[in-house]
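From a predicted model like this one, the values you see are computed outputs, not experimental measurements. All chains are named by letter (A, B, ...) in the order of the sequence lines, taking the proteins before the strands, and each is independently numbered beginning at 1.
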There are 2 protein chains.
Amino acid sequence: MAARTTQRKERMRQATLAEIRATARRLLVEHGSAAVTVNAVAREMGLSGPALYHYYAGHEELVGALVADFYRELAQAMAAARDARAGEPPAVRLLAACRAMRAWAVGHPAEFGWIFASPGPPRAERSADSPRHQAGLEFEQVVLEPFVELWETSPFPVPELDALDPSLREQLRAYSAGLGGRLPPEAAHTFLTCWIRLYGLLCMEVLHQLDFAFTDLEPVYEECLRELAAALGQEYRPPEPGR
Amino acid sequence: MAARTTQRKERMRQATLAEIRATARRLLVEHGSAAVTVNAVAREMGLSGPALYHYYAGHEELVGALVADFYRELAQAMAAARDARAGEPPAVRLLAACRAMRAWAVGHPAEFGWIFASPGPPRAERSADSPRHQAGLEFEQVVLEPFVELWETSPFPVPELDALDPSLREQLRAYSAGLGGRLPPEAAHTFLTCWIRLYGLLCMEVLHQLDFAFTDLEPVYEECLRELAAALGQEYRPPEPGR
DNA sequence: AGATCTATTTATAGCCTCTAAACAAACATA
DNA sequence: TATGTTTGTTTAGAGGCTATAAATAGATCT
């Protein structure tokens, strides 16, 4: 078969795959999690049910592909915010990326909801080489980068390793090693502490776990950022209304 | 109809309701969220499908009833841990309740998972008088109590109201008012900050959002408790192995 | 032109939710 | 005690879902 022909067919296939994901996403956003069924997506595209199985092996794989998209889109939004501040101090870039994370999450609650609580099988039986998992790793890198940058230019305060619980110390060592030495265990601890507070807050907001007390979490998030800046020994700068 | 007879029938009905919930819970724990279907529960009990609709109006209501159970069980576990320390300082009781919360969550991951991310309709269309919502409120009270107790006996540090973002200040005022004045807005702020950090961490653990870095979050949780104790101006006491 | 590969359809099995209608057993009252 | 009502249950069935198998229409290669 001519190479040209093969390429064209491949392009067509990719286009169909993309249309499937776009349709599924629209259903998710407009009608909620339960509306994203293989049948409904196919129907919506003018295909008949089983045709879709030539593109995704089943419901689960489709969901996985969507979540991977979401991870990448979120990571890209954060990277864009960071890069829009090229040349500015690392702390400013970090804050911008963190704000971009919440902006994306609040602007895409259904998608963000699937990132940390998508339907599907128990997490135990999720292969580590799935697109979903890969995208998760990419996301981790984007989150990590600003911290590494900060650490390399103006090291932030870290705890004494010996002061930490032995089990925690070991886990930090292992994680740090997996990072290829970009952050020593102590710095990894500070990074993870910050991450837990920020991302945890966002999870709670999007899962409506704070509706009992708050109607608007923007100021709560800003306050969290202020505390993180302080914990990192960095100057806090409020968001600029324009960008 | 004799009152006695009515009572007996009502007892039978309650027993069936309880058996349904117990069966559904077993399916949840043993086979995951998706296994909890009306049909499967009925089959498991030796009933035939539609019979179950005489007890719960449908899948959604059944899930709601289960979540209410879980809320209450968690609240009760916390209350029990607190009451086992009657007479000890409020801070000790608070720490005990917080540890009981994680112990329950880790011991019942499927149930805890449903508390904050159960299947069902978008949260928008959940009535505020559902059992689920009621149980959520009860849970809030149990969480709140130790903080109120602490506040009344040895007031913890609170921020200056004027130093907070105006929107946040207003939300805190509203929340405080809804609490019937048991905590002033500043104290509510401290309470909520602590709650967000603790519960947020637990959510992330149970949703496996921290698997990328940690294998055991017990020391992370303890460290969080230590920080909270410090933020509340209280002495931190490590858990006693025995209890 | 015939063989092959790809995309798609129909047909089907088996599960699900939920409603309707039939039926049986328990009960209350005349 | 006989009868009608209430309650719990079952069967039947409509409609949707996942997923597979088999049939079919088109495109492509030799």
Taken to the nearest whole Å, CE/A:M45 to P/C:dA7 is 13 Å

Which word best sums up how the rings of B:F70 and B:W104 line up, parallel for under 30°, tilted for 30 to 60°, or perpendicular for over 60°? tilted

If only side-chain N and O atoms of A:Y55 are considered, is one of them under 4.0 Å from the OP1 or OP2 phosphate oxygen of C:dT8? yes

Are the side chains of B:L210 and B:L201 in touch, meaning some heavy atoms are under 4.5 Å apart? yes

Considering only heavy atoms from C-beta outward, does the side chain of A:F214 approach that of B:L168 to under 4.5 Å? yes

Atom pairs under 3.5 Å: protein N/O with N/O of nucleotides 9-15 of chain C:
from	atom 1	to	atom 2	distance (Å)
C:dT9	OP2	A:S48	N	3.1

Looking only at side chains, do B:E19 and B:T23 share a donor and an acceptor under 3.5 Å apart? no

Could you tell me the separation between the CD atom of A:E19 and the C1' atom of C:dA7, rounded to a whole number of Å? 14 Å

Can you measure A:M12 atom CE to D:dT28 atom C1' for me and round it to whole angstrom units? 15 Å

Separation of A:E61 atom CD from D:dT18 atom C1', in whole Å? 14 Å

Provide, to the nearest angstrom, the distance between the CD atom belonging to B:E60 and the P atom belonging to C:dC18. 8 Å

Roughly how many Å is it from CG in A:L62 to C1' in D:dC17, rounded to a whole number? 14 Å

Side-chain atoms of B:Y53 come closest, of C:dT19, C:dA7, D:dA19, to C:dT19

To the nearest angstrom, the CD-P distance between A:E44 and D:dG16 comes to 14 Å

Less than 4.5 Å apart, side chain to side chain, heavy atoms only: is that true for A:E140 and A:L179? yes

Exactly one candidate in B:R26, B:R72, B:R25, B:R21 meets salt bridge (Lys or Arg N to Asp or Glu O under 4.0 Å) with B:E111; the answer is B:R25

Separation of C:dA26 P from B:R13 CZ (nearest whole Å): 18 Å

